[in-house]
Amino acid sequence: MPGFELFDDAEKKEVNEVLETGILMRYGFDGPRKGIWKSKELEQAICSTFGTGYAQLTSSGTAALTTAMAALGIGADDEVIMPAFTFVASFEAVLSMGAVPVLVDIDETLTLSPAAVKAAITPKTKCVMPVHMCGSMADLDALQQICKEHDLILLEDACQSIGGTYKGKSLGTIGHAGTFSFDFVKTMTCGEGGVVMTNNQEVYTKCDAFTDHGHDHLGADRGADLHPFLGYNFRISELHAAVGLAQIKKLDRFLAIQRKNNGILKSYLEQVPGISFRVVPDPSGDSASFLSWFLPTAEAMEKAIAAMKEAGIMPGNFYWYANNWHYIKKWDHLKNAHSLYPFSQAQQSALKNLAHTSFSQSDAIMSRCISTAISLVWTEEQVHQKGATFLEVLKKALS
Ligand SMILES: *Cc1c(COP(=O)(O)O)cnc(C)c1O
């Protein structure tokens, strides 16, 4: 799963090239930087690797989501429909724009249920944000259709699915915009970083300026730039971009390892009576960073978890239902609107509503689901060993 597992001299070489010049900033200093432009180079590599027209690097995946929303004109009181199973960053970005997160049920794709999205649309809805969780994808055809019918923006949070595809197109490049995170535990990392991808030049130009205080970047002298609109500082540094540049060159290797290890593990788990797997709308596009599986009931899952803990094989297996970062059940800080600063009326009432909303459909899925993280450093022998142990422990626990 995480690219940091396969660090070597390639990362050091890229970072050292930046340290040689001492120019750690992505803009300006044209003479002293001696032709070293790691951020620009990484943006070009992202465009060619993922087949997107434009890429704007940011300081994080959260900043990428915020930037994308700003560039797409999503702001005060606009409702953004998103899944109840995600990472906290998705709603943090929405709230930071003054917009209103509307969390809805997931289905067995482990992301937005198209029916739940339809049911949540109001005159205030501006955007649908599928989150391609755990390496695989939402039902993008269905969601795109809904967005077309209702004239809504489709923003893909693809932070967890770098390298995944849907019908031949990279996840994150299919909606009006999409984002990746390059934080330390993602499929490829910059240490910290993120990117907004879009095929719309105007959206890109806005992202470019927004992430650098609104600088229009049109002249040779950044200090003399005009500011057509307000921005922030969501810049990536050259040091971080350098790490990413080494990592993107290894991405094909990461994906090949993930797919191989995932396939081997699945061949064992398939033999567990009653087990089923996450619905993947385009199986050939699964990035395979996780293998997500279900047992028939929450009780069976409880038994399985107890047995896995006892056998010492629980690490690396994520039971999101009981986890603080990823599922609505434990997000009391969100439901109670524990903010350091005042929220708008619309945000406050939406969060109050959320506290009283039932997510029984999602509960029924998440309480039976475990995602097994796929490591890049397992040997083939180790994966077979893990699979065999898994099978033995689960079979015994469920018999
Ligand atoms: C990691 C992640 C983000 C945010 O990324 P950071 O770079 O850590 O800010 C957003 N959404 C999802 C689904 C993520 O997993």
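Whatever order the structure lists them in is the order used to number ligands and atoms, beginning at 1.
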Name every donor-acceptor pair, under 3.5 Å, that has one atom in a side chain of residues 87-105 and the other anywhere in the protein, sequence neighbours excluded.
unit_1: S90; atom_1: OG; unit_2: T86; atom_2: OG1; d: 2.6
unit_1: S90; atom_1: OG; unit_2: F87; atom_2: O; d: 3.2
unit_1: S90; atom_1: OG; unit_2: D157; atom_2: OD2; d: 3.0
unit_1: S96; atom_1: OG; unit_2: A93; atom_2: O; d: 2.8
unit_1: D105; atom_1: OD1; unit_2: S362; atom_2: N; d: 3.1
unit_1: D105; atom_1: OD1; unit_2: S362; atom_2: OG; d: 2.3

Kindly list each side-chain donor-acceptor pair under 3.5 angstrom involving residues 68-79, sequence neighbours excluded, with atom names and distances?
unit_1: D78; atom_1: OD2; unit_2: G75; atom_2: N; d: 2.9
unit_1: D78; atom_1: OD2; unit_2: K126; atom_2: NZ; d: 3.4
unit_1: E79; atom_1: OE1; unit_2: T122; atom_2: OG1; d: 2.8

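Just one residue in the list H240, E238, E17 forms a side-chain hydrogen bond (donor to acceptor under 3.5 Å, both in side chains) with K38, and that residue is E17.
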Which pairs of N or O atoms, one from ligand 1 and one from the protein, are separated by less than 3.5 Å, and what is the distance for each pair?
unit_1: ligand 1; atom_1: 5 (O); unit_2: S181; atom_2: OG; d: 3.2
unit_1: ligand 1; atom_1: 7 (O); unit_2: G61; atom_2: N; d: 2.7
unit_1: ligand 1; atom_1: 7 (O); unit_2: S181; atom_2: OG; d: 2.7
unit_1: ligand 1; atom_1: 8 (O); unit_2: D183; atom_2: OD2; d: 2.6
unit_1: ligand 1; atom_1: 9 (O); unit_2: G61; atom_2: N; d: 3.4
unit_1: ligand 1; atom_1: 9 (O); unit_2: T62; atom_2: N; d: 2.9
unit_1: ligand 1; atom_1: 9 (O); unit_2: T62; atom_2: OG1; d: 2.5
unit_1: ligand 1; atom_1: 11 (N); unit_2: D157; atom_2: OD1; d: 3.3
unit_1: ligand 1; atom_1: 11 (N); unit_2: D157; atom_2: OD2; d: 2.8
unit_1: ligand 1; atom_1: 15 (O); unit_2: Q160; atom_2: NE2; d: 2.9
unit_1: ligand 1; atom_1: 15 (O); unit_2: K186; atom_2: NZ; d: 3.1

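Annotation for Y204: hydrophobic cluster partners, listed by chain and number, are Y54 (ILVMFWY side-chain heavy atoms under 4.5 Å, direct or chained).
At a threshold of 4.5 Å between side-chain heavy atoms, the hydrophobic network of Ile, Leu, Val, Met, Phe, Trp and Tyr places Y232 and L65 in two separate groups.
Between R26 and L57 there is a side-chain heavy-atom pair separated by less than 4.5 Å.
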